[in-house]
There are 2 protein chains.
Amino acid sequence: MGRAGLTSAKVIAAAVRLADEDPGPLTLKQVAARLGVREPSLYQHVAGLEGLRRGVARHAKRELAAVLTAAAVGRAGDEAVGAMAQALRTWAHAHPGQYRAAERAPAAGDGDDERASAQAVAVVAQVLAGYGLAGDHLVDAVRFLRAALHGFIRLEASGGFGMSRPAGASFEQLVAAATHALRHWPGATP
Amino acid sequence: MGRAGLTSAKVIAAAVRLADEDPGPLTLKQVAARLGVREPSLYQHVAGLEGLRRGVARHAKRELAAVLTAAAVGRAGDEAVGAMAQALRTWAHAHPGQYRAAERAPAAGDGDDERASAQAVAVVAQVLAGYGLAGDHLVDAVRFLRAALHGFIRLEASGGFGMSRPAGASFEQLVAAATHALRHWPGATP
DNA sequence: GCATCTATCCTAACATACTTAGTTTCTAGA
DNA sequence: TCTAGAAACTAAGTATGTTAGGATAGATGC
């Protein structure tokens with residue numbers, strides 16, 4: 001029997017694809033099956049289920065940071081916030097498993113994970129600094145924007161909205177309200 | 001051996017307490033142990049793990065609706081929104097397991113669950129109607145407020161905020177921004 | 001080209017949790 | 001008191017995660 005030629009990256013990549021396709025919980029069994037391998041083989045490349053989840057979370061956060069960065073580059077102010085918001089929601093829809101994985105707090109001591117987490121926040125902070133915000137006001141504004149976007153996406157994903165009105169329309173209104181709030185945030189330059 | 005005298009309500013109550021005390025996933029084993037009973041005994045009162053989760057979710061949503069209602073009664077406008085927001089966050093801190101359980105979409109066909117879910121939303125809608133909102137504008141506003149509050153609480157609970165600044169201060173600022181946005185919402189009475 | 005060695009992947013077995021089947025036993029009501 | 005039914009149990013089956021230890025493909029050194 002030929003070897004499968006696994007690596008840590010391949011195992012995690014398979015898990016990432018699986019997580020995005022299958023709404024259920026991630027299992028080693030499924031990952032092994034997709035790679036044409038038995039479950040114990042995965043332990044050579046990943047520290048069990050917990051390690052696999054960590055790997056998926058790390059990957060997801062890196063991608064999330066990249067998506068936000070790409071949306072913000074070359075834009076500023078309301079336009080940048082709007083582009084980031086739309087990009088985030090679109091990405092969350094396309095990659096539900098990764099989006100959920102990215103919620104995990106970074107594993108203590110995992111520098112890569114912490115860095116990826118920090119970068120996603122940093123992009124948002126950089127954009128909001130363009131409103132003239134700094135210090136505590138900036139922190140509050142970042143938290144506000146993250147909360148609004150994250151909360152909307154979560155509620156939408158978990159079926160928390162009835163079907164009375166398209167979620168996209170409500171999201172646009174939310175972004176409009178958020179940018180308005182940021183322009184009038186304490187400490188913002190008028 | 002004397003009987004434990006279980007009922008569906010007692011089983012779910014034990015599960016609720018357990019969920020709020022233990023951050024890990026809810027297990028039948030723990031619930032059975034707490035009730036001094038073997039796991040199969042629970043099946044007389046609850047439809048397996050899934051049924052237990054449903055029961056916890058139903059209970060949590062009822063309590064959530066009650067908490068929001070209590071906060072809003074006798075108040076209106078910004079004051080009502082602020083009271084609901086504070087009550088929600090306080091309740092979420094005190095009952096993390098129930099808060100997470102309340103996120104579940106109501107089980108299709110479970111009238112009780114659907115009713116409890118709807119009532120929590122209805123209280124918010126009623127308060128926001130006090131801003132003169134109706135129709136799609138009202139739907140958008142409710143979704144905005146729910147998203148902001150829920151997102152903040154989730155990010156806070158999952159350690160998404162660094163420790164640079166107390167979350168409570170950011171939350172007050174979020175509530176201030178949200179009430180401002182509601183006062184200026186499209187269709188709001190000035 | 002051949003021997004050796006190492007990492008990869010495997011089988012086997014165990015641990016934990018959920019679930020079902022079938023039995024015992026307690027309790028309530030005739 | 002006796003009986004019917006429900007409540008709880010034991011035993012067994014299923015699914016997943018995990019560990020132990022062995023076989024082997026493929027690389028490495030001569």
Side-chain angles (χ1 to χ4, degrees), chain A residues 1-60 96-98 100-101 104 107 109-110 113, chain B residues 1-60 96-98 100-101 104 107 109-110 113:
Chain A
M1 178 182 314
R3 296 210 176 172
L6 295 189
T7 64
S8 184
K10 283 185 193 173
V11 172
I12 288 169
V16 163
R17 257 174 291 136
L18 207 55
D20 281 338
E21 292 166 12
D22 187 339
L26 192 60
T27 69
L28 289 176
K29 199 172 183 76
Q30 285 178 306
V31 174
R34 164 163 299 210
L35 292 167
V37 125
R38 300 286 188 164
E39 291 150 88
S41 308
L42 300 177
Y43 284 76
Q44 292 289 338
H45 308 283
V46 143
L49 182 61
E50 184 51 33
L52 186 70
R53 293 214 183 104
R54 251 201 316 275
V56 171
R58 220 172 17 218
H59 180 278
Q98 287 188 72
R100 274 190 309 152
R104 284 174 51 118
D110 186 336
D113 196 347
Chain B
M1 180 184 310
R3 295 207 176 171
L6 294 189
T7 63
S8 183
K10 283 185 192 173
V11 172
I12 289 169
V16 163
R17 258 174 289 137
L18 207 56
D20 281 338
E21 291 165 13
D22 185 340
L26 191 61
T27 69
L28 289 175
K29 201 174 181 77
Q30 284 177 305
V31 174
R34 163 163 300 212
L35 292 166
V37 125
R38 300 288 188 162
E39 292 148 270
S41 308
L42 300 177
Y43 283 76
Q44 292 288 340
H45 308 283
V46 144
L49 182 60
E50 184 51 32
L52 186 70
R53 294 213 183 103
R54 248 201 318 274
V56 172
R58 220 172 16 217
H59 180 279
Q98 287 188 71
R100 274 190 309 151
R104 283 174 51 117
D110 187 336
D113 196 346

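All values below were derived from every heavy atom in this structure, side-chain atoms included, with hydrogens, water molecules and symmetry-related copies excluded. Chain letters run A, B, ... following the sequence lines, proteins first, then strands; residues in each count from 1. Please read all numbers here as calculations on a predicted model, not as lab measurements.
The shortest distance between the side-chain N/O atoms of A:His45 and the OP1/OP2 oxygens of C:dC9 is below 4.0 Å. Between B:Thr27 and C:dA17 there is no side-chain polar atom (N or O) within less than 4.0 angstrom of OP1 or OP2.
Rounded to whole angstrom, the span from the CD atom of A:Gln44 across to the P atom of D:dA25 amounts to 17 Å. In this structure, NZ of A:Lys29 is placed 10 Å from C1' of D:dT14, rounded to the nearest angstrom. For A:Glu39 and C:dA15, the CD to C1' distance is 14 Å, given to the nearest whole Å. One can place CG of A:Leu49 at 14 Å from P of C:dA17, the figure rounded to the nearest angstrom. Distance, A:Leu6 CG to C:dT8 P: 9 Å, rounded to whole Å. Rounded to an integer number of Å, the gap from CG of A:Leu42 to P of D:dT18 is 10 Å. Residue A:Tyr43 contributes atom OH, which lies 16 Å from atom C1' of D:dG21 at whole-angstrom precision. At whole-Å resolution of the value, CD in A:Glu50 and P in D:dT18 are 9 Å apart.
Two residues are said to be in side-chain contact when any heavy atoms from C-beta on lie closer than 4.5 Å; A:Arg58 and A:Asp110 meet this criterion.
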- request: Test B:Leu42 against B:Leu52 for side-chain contact (heavy atoms from CB on, under 4.5 Å), laying out the working first.
  value: CA-CA 9 Å; B:Leu42 300 177; B:Leu52 186 70; 5.9 Å; no
task: Show your reasoning for whether side-chain contact (heavy atoms from CB on, under 4.5 Å) applies to A:Arg34 and A:Gln30.
output: CA-CA 6 Å; A:Arg34 164 163 299 210; A:Gln30 285 178 306; over 6 Å; no
message: Between B:Leu18 and B:Thr27, is the side-chain contact (heavy atoms from CB on, under 4.5 Å) condition met? List the steps.
response: CA-CA 9 Å; B:Leu18 207 56; B:Thr27 69; 5.8 Å; no
